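Report on one structure; see the data block that follows.
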Protein chains: 2
Amino acid sequence: MIKPRSRRGGGRPTIADVARKAGVGAITVSRALREPERVSEELRRQIQAAVDELGYVPDPNARALASARAEVFGVLVPSLTNNVFAEVVRGIYDSLSASPFRIQLGNTHYSGLEEERLLQVFGSQRPAALIVAGIDQTPISRKLLESAGCPVVQVMETGPDPVDMMVGFSHFDGGRTATEHLIEAGYRRIGFIGARMDPRSQRRLAGYRAAMEAAGLFDPRLVTTTPVLSSVPLGREMLRDALAKVPTLDGVFCNNDDIALGVLFECHRASIAVPKTIGIVGFNDLDMMQVAFPSITSIRTHRYEIGRRAVAMALAAIAGSRPEQRIVDLGFELKRRESTAR
Amino acid sequence: MIKPRSRRGGGRPTIADVARKAGVGAITVSRALREPERVSEELRRQIQAAVDELGYVPDPNARALASARAEVFGVLVPSLTNNVFAEVVRGIYDSLSASPFRIQLGNTHYSGLEEERLLQVFGSQRPAALIVAGIDQTPISRKLLESAGCPVVQVMETGPDPVDMMVGFSHFDGGRTATEHLIEAGYRRIGFIGARMDPRSQRRLAGYRAAMEAAGLFDPRLVTTTPVLSSVPLGREMLRDALAKVPTLDGVFCNNDDIALGVLFECHRASIAVPKTIGIVGFNDLDMMQVAFPSITSIRTHRYEIGRRAVAMALAAIAGSRPEQRIVDLGFELKRRESTAR
DNA sequence: TAGGCAATTGGTAGCGCTACCATGACGTTG
DNA sequence: CAACGTCATGGTAGCGCTACCAATTGCCTA
């Protein structure tokens, strides 16, 4: 007895159904969908008609299994809610929405171990490309990236030794530029306030330190950091801590804009004049910086563009054309505003 | 001649390799991994040893194809960068990280058409569950959700007619509560300022209107809206517009906290005393509201918890136990702060 | 005019896994 | 003690698609 046509999977149309309806072989349907130029004009039309009529949508799982390559970009970021990474992800998403590629998102929670675990899992899906935040992977993670067998783009930062490709900017230079700006504006006892001291924040701190030392102004007591997750309320607390240590503080370079905003609010609350008594510089330049009162000087970073560029490079690599430039530095921009206009 | 053992897919170990090494059948390995209790203690150990030694990770694509069900949660949100949805996604992610399920994220950009397209695409993957923001799906989207053949959770809002399950709260009540609070605090010419008037914002506006009419205070000129994407700078502009229309404005209920923050900054800039001259209420209660100066009254919503609860309900449904309560209202909380303490 | 080559199309054989059914070894029961 | 579960395990046959090769056609070259 012939097995009744009981599909395990809910009876959605398959490529065979389309082929039957269009009067062609299944493989021709497959080609018409993926490489239309290799199928004659006429068949292409017939097949398209059958696809439309049946509402056929290819099964990505079957496709991935057969072709040993999933149409998936693995994306690893340390936080989902931090606006900075959300913007990178948005850039990636927007650049990918016109392509057949999906996004597989992973949140490392700033943990190297978690990153290793996720890379392991992602690897099992044979992704088309991997985009990871940061350049400080553990040796194991690095090995996993190198053996992923797909383009890899490290984003947010540039460094000397890419796994494959890189898009970002120099956090060290960003920190130095911010600090030099404060020095030029006439501030002297300039503090560094940093939460969640991940490797990028460390390098911003190093840039701060370089600028301060060059000006003969460095003093370790000016540096206030914590491993705690960054937030606006935390910025407020940290300014209090910093002032308790160094009452003569007359400027702060903040790790990021959340902290800077918290610092600004604390200044209001404590009736500390900004920029007169204390100057403030943030990092990233979220859009609220320009409307804060006073508006806050910040280092503008190109997060969205980093996401777009990373995808463009990965797509080019997938298409076989390794870009000549494997490290792309998108730079940053110092936005001078009222908070440092003494 | 026997075909040389040239795997299409880069030679990663398969379930057959594990089975051979452990001296058992492939199906037993499959079971040991998915339903360990059905395999004897001894074999389980042998298989685990083989898995570890080979570094075997099951191929999710093959698994999905064979079982007609992918271990994927489809998640549809209207924005990736809006902190509110980022927190929902974080809640979903955290709740899912201990499970084998992955997340397939879709950004509808507040477009019904885009939502339909994404549901179509997601459906082709036979997801284990779907979580979608909002309750105002188009008829086509609704049909796609109903025929998805998996648990569906609509989040962020509650309403009378769930596709399957719902977790959220009443935006109408939130808007009314916020407005009633302003009225009780003694404000009379209370404006509504709202950007990107999506359905949830519309209902907050309806709640505002209900409260104002009940108090005999409603005046259409008090309402200022725009379809433009919400942002802090926009809040600043919109307060200017509102004041241009109604110079006697003495309070504002803002659509969300970004707008509220922009309004606050504009008040500082224009030397309008808060809360004395104008009272401000936001919506969502981002953590910066409590440290703003003055701190801003807001409606606290439980975004993270909504994500967690949605996953819990979906997981229960997958396990076969449809929860008795299909609509979960997580409510909200009015946080009274300085911005309305007249 | 035979041979060669490109363009189109199709058949076959998997990709790696699991659903489904079969098997054998044990009790358990009336 | 036959008949009948129950448990642990395995074999077979796909899931829906594409890589690989073969076949056919028409046209061009020598």
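Per chain, numbering begins at 1; letters A, B, ... match sequence-line order. These numbers were taken from a predicted model, which means no experiment stands behind them. The figures here come from the full heavy-atom set of this structure, side chains too, leaving out hydrogens, waters and symmetry mates.
Listed pair B:Arg44 / D:dT9 fails the phosphate criterion, with no side-chain N or O lying under 4.0 Å from OP1 or OP2. For B:Ser30, a side-chain nitrogen or oxygen approaches OP1 or OP2 of C:dT18 to under 4.0 Å. Phosphate proximity of C:dC17 to B:Arg12: absent, as no side-chain N or O sits under 4.0 Å from OP1 or OP2.
One distance of note links CG of A:Asp17 with NZ of A:Lys21; it measures 9.0 Å at 0.5 Å rounding.
With D:dT18, C:dT18, D:dG16 as the choices, the nucleotide that has an atom nearest any side-chain atom of B:Leu65 turns out to be D:dG16. The side chain of B:Val39 lies closest to D:dT9 when the candidates are C:dC17, D:dT9, D:dC17. Ranking D:dG14, D:dT18, C:dT9 by closeness to the A:Arg38 side chain, first place goes to C:dT9. Nearest nucleotide to the side chain of A:Arg34, out of C:dG16, D:dT18, C:dT18: D:dT18. Nearest to the side chain of B:Ser40, among C:dA19, D:dT9, D:dC17, sits D:dT9. Distance from the side chain of A:Arg31 is smallest for D:dC20 among the nucleotides D:dC20, D:dT9, C:dC15.
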Contacts under 3.5 angstrom, residues 71-89 of chain B side chains, donor-acceptor by atom type, not counting sequence neighbours:
unit_1: B:Ser79; atom_1: OG; unit_2: B:Thr81; atom_2: N; d: 3.3
unit_1: B:Ser79; atom_1: OG; unit_2: B:Asn82; atom_2: N; d: 3.0
unit_1: B:Asn82; atom_1: OD1; unit_2: B:Val84; atom_2: N; d: 2.8

**Message:** Apply side-chain contact (heavy atoms from CB on, under 4.5 Å) to residues B:Arg45 and B:Glu41 and explain how you reach the verdict.
**Reply:** CA-CA 6 Å; B:Arg45 258 206 320 280; B:Glu41 173 77 31; 3.3 Å; yes
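Distance, B:Leu33 CG to C:dT18 P: 8 Å, rounded to whole Å. One can place CD of B:Gln125 at 14 Å from C1' of D:dG16, the figure rounded to the nearest angstrom. Look at CG on B:Leu43: it is 17 Å from P on D:dC7, rounded to the nearest Å. Nucleotide D:dG11 holds its P atom 13 Å from the CZ atom of B:Arg20, rounded to whole Å. The distance between atom CD of B:Glu35 and atom P of C:dC20, rounded to the nearest whole Å, is 12 Å. Note: CD (B:Glu71) to C1' (C:dC17) measures 12 Å, nearest angstrom. Taking atom CG on A:Asp17 and atom C1' on D:dC15, their separation rounds to 13 Å, with Å as the unit. Here D:dC17 presents its C1' atom at 11 Å from CG of A:Asn61, a figure rounded to the nearest Å.
Taking the screw axis at each terminus of the helix from C:dT1-D:dA30 to C:dG30-D:dC1 from five consecutive base pairs, the angle between the two is 40° to within rounding of 10 degrees.
Here the closest heavy-atom approach between residue B:Ala128 and residue B:Phe101 is recorded as CB-CE2, 3.3 Å. Among all heavy-atom pairs drawn from B:Cys150 and B:Asp164, the shortest one is O-OD2, 4.3 Å.
No side-chain donor-acceptor contact under 3.5 Å links B:Ser67 and B:Arg63.
Comparing B:Ala62 and A:Arg63 by the nucleotide of DNA chain D whose heavy atom lies nearest to each, the residue mapping closer to the 5' end is B:Ala62.
Residues passing the salt bridge (charged side-chain N to carboxylate O under 4.0 Å, His left out) test with A:Arg308, sequence neighbours excluded: none. Partners of A:Glu42 under the salt bridge (charged side-chain N to carboxylate O under 4.0 Å, His left out) rule, at least two apart in sequence or in another chain, do not exist in this structure.
A 6.0 Å sphere centred on CZ of A:Arg309 holds no more than 12 heavy atoms belonging to other residues, nucleotides or ligands.
Residues from residues 21-28 of chain A placing a heavy atom under 4.0 Å of any atom in DNA chain C, listed by number, are A:Val24, A:Gly25, A:Ile27, A:Thr28. Of the residues in residues 45-57 of chain B, not one comes within less than 4.0 Å of DNA chain D through any heavy atom.
For the pairing with A:Leu118, the side-chain contact (heavy atoms from CB on, under 4.5 Å) check across A:Gln120, A:Glu115, A:Glu114, A:Glu116 returns one residue only, A:Glu114. Remark: of the listed residues B:Val155, B:Asp329, B:Ile327, B:Ile327 is the sole one forming a side-chain contact (heavy atoms from CB on, under 4.5 Å) with B:Met166.
A salt bridge is absent between B:Glu146 and B:Lys143: the closest approach of a Lys/Arg side-chain nitrogen to an acidic carboxylate oxygen does not fall below 4.0 angstrom.
Remark: the backbone N or O of A:Glu157 is not paired with any side-chain donor or acceptor of A:Arg200 at under 3.5 angstrom.
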